[in-house]
> 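Submitted below is the structure of interest, expressed as structure tokens.
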Amino acid sequence: MKHVHAGKVRDLYELDGDLLLVASDRVSVYDVPLPTPVPDKGILLTQLSIWWFDRLREVVPNHVLSATDVPAEFAGRAIRCKPLEMVPFECIARGYLTGSGLKEYERTGSVSGVALPPGLVNGDKLPEPIFTPTTKVSEEGEHDAPITFDAMAAQIGRDTAERLRDLTLAIYTEGAAHAAKNGILVADTKLEFGFAAGGALTLGDEVLTSDSSRFWPADEWEPGHQQHAFDKQFVRDWSVSTGWDKTPPGPEIPAEIVDATRERYQRVYELITGEKWRS
């Protein structure tokens with residue numbers, strides 16, 4: 001087994017010609033890994049992704065080969081995957097206005113070139129879900145940046161861009177509908193795709209997790225302010241409240257924030273899957 005890459009929260013290994021994607025318990029906010037792990041976070045994210053990959057397999061092919069044929073030391077937090085030639089963009093679907101999308105809307109009245117009605121506030125539901133891709137950069141210290149659909153299409157071809165847009169919105173629509181039945185609003189979600197051998201556009205990385213999505217309890221949703229978060233936004237908000245300037249190194253996470261984060265990740269796993277979490 002060869003270690004190929006260490007990401008902010010995931011490690012990638014080569015294993016007998018396949019890839020092994022291992023989710024750690026690290027937390028990254030504003031592209032900065034924080035020094036304090038959240039116990040079981042990697043397992044919770046992996047198991048929720050596996051659940052979604054299985055549910056969405058009729059919508060889009062995915063990179064999963066096995067969630068069990070993995071080294072024992074990574075059991076529960078690793079996925080054995082097909083190698084993919086990754087698309088150099090992150091594909092984001094938004095059903096509600098918040099986060100960086102809200103900030104861009106307040107400046108321009110649009111998000112990634114998609115014009116929106118005037119007068120929207122934080123947490124508002126959009127008239128329909130929108131596709132808002134971002135660049136995907138790897139250089140240290142750089143951040144993902146919004147890009148318009150047309151600019152994306154100019155780089156990778158309109159047919160591929162349209163397929164990515166359609167798949168992203170289909171995954172979001174399916175996931176949001178299921179989550180809503182279980183009391184969870186999916187405000188937005190980030191997806192990554194690549195080309196498998198043979199050229200099939202394939203869903204990779206993770207899908208509809210608390211690291212890649214914003215999850216809000218439906219019974220507490222109230223536009224006009226920050227929503228209760230069952231996702232990483234809770235840690236983002238805490239980190240900003242400390243006065244941290246969003247540059248490395250990140251602050252240590254206090255025990256009560258670690259515990260609350262783990263509880264939120266566990267709670268949304270149980271609500272979405274209908275399964276009791278067993279740590």
Side-chain angles (χ1 to χ4, degrees), residues 4-12 19 21 26-33 49 60 62-63 81 83-116 126 129-172 186-196 199 201-214 231-233 236 239-240 245-248 250:
V4 177
H5 177 70
K8 292 187 288 289
V9 299
R10 285 178 175 77
D11 293 294
L12 193 62
L19 291 179
L21 188 65
R26 299 189 295 271
V27 182
S28 173
V29 295
Y30 303 108
D31 294 320
V32 177
S49 278
V60 59
N62 63 67
H63 68 163
C81 309
L84 302 178
E85 180 186 349
M86 298 305 292
V87 172
F89 297 96
E90 293 185 336
C91 295
I92 299 171
R94 301 178 188 271
Y96 295 77
L97 187 63
T98 192
S100 61
L102 172 65
K103 292 177 182 178
E104 185 179 351
Y105 168 78
E106 290 174 339
R107 292 193 311 270
T108 68
S110 64
V111 182
S112 295
V114 180
L116 296 175
L126 300 177
I130 60 174
F131 177 63
T132 62
T134 67
T135 60
K136 187 167 61 175
V137 294
S138 57
E139 294 182 22
E140 194 69 27
E142 292 191 22
H143 299 278
D144 300 336
I147 187 170
T148 66
F149 173 81
D150 286 341
M152 176 183 173
Q155 294 188 44
I156 61 174
R158 183 158 292 271
D159 287 349
T160 298
E162 289 178 350
R163 181 68 174 145
L164 288 168
R165 178 193 61 199
D166 293 348
L167 284 173
T168 299
L169 293 174
I171 291 166
Y172 173 81
V186 183
D188 53 41
T189 197
K190 171 180 68 67
L191 303 168
E192 296 199 35
F193 296 88
F195 292 97
L201 198 53
T202 302
L203 179 63
D205 195 46
E206 61 183 320
V207 56
L208 289 162
T209 72
S210 296
D211 266 18
S212 65
S213 314
R214 284 185 173 90
D231 56 72
K232 193 169 65 173
Q233 188 62 43
R236 290 193 193 100
S239 69
V240 171
D245 63 1
K246 303 180 185 177
T247 62

> With sequence neighbours left out, write down each residue that passes salt bridge (charged side-chain N to carboxylate O under 4.0 Å, His left out) with D211, or none if nothing qualifies.
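If we apply the salt bridge (charged side-chain N to carboxylate O under 4.0 Å, His left out) test to D211, skipping adjacent residues, the hits are K41.
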> Identify, with sequence neighbours excluded, every residue that meets side-chain hydrogen bond (donor to acceptor under 3.5 Å, both in side chains) alongside T132.
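T132 satisfies side-chain hydrogen bond (donor to acceptor under 3.5 Å, both in side chains) with R94 once adjacent residues are dropped.
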> Please list, chain by chain and in numerical order, all residues satisfying side chain to side chain contact (heavy atoms under 4.5 Å, CB included) with T160, sequence neighbours excluded.
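T160 satisfies side chain to side chain contact (heavy atoms under 4.5 Å, CB included) with I156, L164, F195 only.
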> For the CD atom of E192 and the OG1 atom of T202, what is their distance to the nearest 0.5 Å?
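Those atoms lie 13.5 Å apart.
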> Could you work out, with side chain to side chain contact (heavy atoms under 4.5 Å, CB included) as the rule, every residue matching E106, not counting sequence neighbours?
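Only L102 meet the side chain to side chain contact (heavy atoms under 4.5 Å, CB included) criterion with E106.
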> So, using side-chain hydrogen bond (donor to acceptor under 3.5 Å, both in side chains) as the criterion, who are the partners of R214 when residues are at least two apart?
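Residues passing side-chain hydrogen bond (donor to acceptor under 3.5 Å, both in side chains) with R214: D188, Q233.
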> Looking at residues at least two apart in the chain, or sitting in another chain, which of them share a ring-ring contact (aromatic ring centres under 6.0 Å, His included) with Y96?
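Result, ring-ring contact (aromatic ring centres under 6.0 Å, His included) vs Y96: W216, W221.
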> Could you tell me which residues satisfy side-chain hydrogen bond (donor to acceptor under 3.5 Å, both in side chains) with D150, sequence neighbours excluded, listed by chain and number?
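Listed in chain order: R158.
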> For F193, which of L203, L84, N62 qualifies under side chain to side chain contact (heavy atoms under 4.5 Å, CB included)?
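So, applying the side chain to side chain contact (heavy atoms under 4.5 Å, CB included) to F193 and each of L203, L84, N62, only L203 qualifies.
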> Could you work out, with salt bridge (charged side-chain N to carboxylate O under 4.0 Å, His left out) as the rule, every residue matching R10, not counting sequence neighbours?
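Partners of R10 under the salt bridge (charged side-chain N to carboxylate O under 4.0 Å, His left out) test: E206.
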> Nearest 0.5 Å, what's the CZ-OG1 distance between F89 and T168?
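Result: 12.5 Å between the selected atoms.
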> What's the separation between atom CD1 in I92 and atom OG in S212, rounded to the nearest 0.5 Å?
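Rounded to the nearest 0.5 Å, the CD1-OG separation comes to 10.0 Å.
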> If you measure from OH on Y30 to CG on D245, what distance do you get to the nearest 0.5 Å?
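Between atom OH of Y30 and atom CG of D245 there are 12.0 Å.
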> Excluding sequence neighbours, so at least two apart, what forms side-chain hydrogen bond (donor to acceptor under 3.5 Å, both in side chains) with E104?
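None.
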> For R236, enumerate each residue passing the salt bridge (charged side-chain N to carboxylate O under 4.0 Å, His left out) test, keeping only those at least two apart in sequence or located in another chain.
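If we apply the salt bridge (charged side-chain N to carboxylate O under 4.0 Å, His left out) test to R236, skipping adjacent residues, there are no hits.
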> Using the test salt bridge (charged side-chain N to carboxylate O under 4.0 Å, His left out), find all partners of D11 that sit at least two apart in sequence or belong to another chain.
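For D11, the residues satisfying salt bridge (charged side-chain N to carboxylate O under 4.0 Å, His left out) (neighbours in sequence not counted) are R26.
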> When rounded to the nearest 0.5 angstrom, what is the spacing between CG in L19 and SG in C81?
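It is 6.5 Å, given to the nearest 0.5 Å.
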> For the atom pair OG1 (T209) and CG (D231), what is the distance rounded to the nearest 0.5 Å?
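Those atoms lie 9.0 Å apart.
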> Above 12 or not: heavy atoms from other molecules or residues under 6.0 Å from CD of E85?
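Not buried by this count: 12 neighbours or fewer within 6.0 Å.
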> Just jot down the side chain to side chain contact (heavy atoms under 4.5 Å, CB included) partners of A151, sequence neighbours excluded, or say none.
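Partners of A151 under the side chain to side chain contact (heavy atoms under 4.5 Å, CB included) test: I147, T148.
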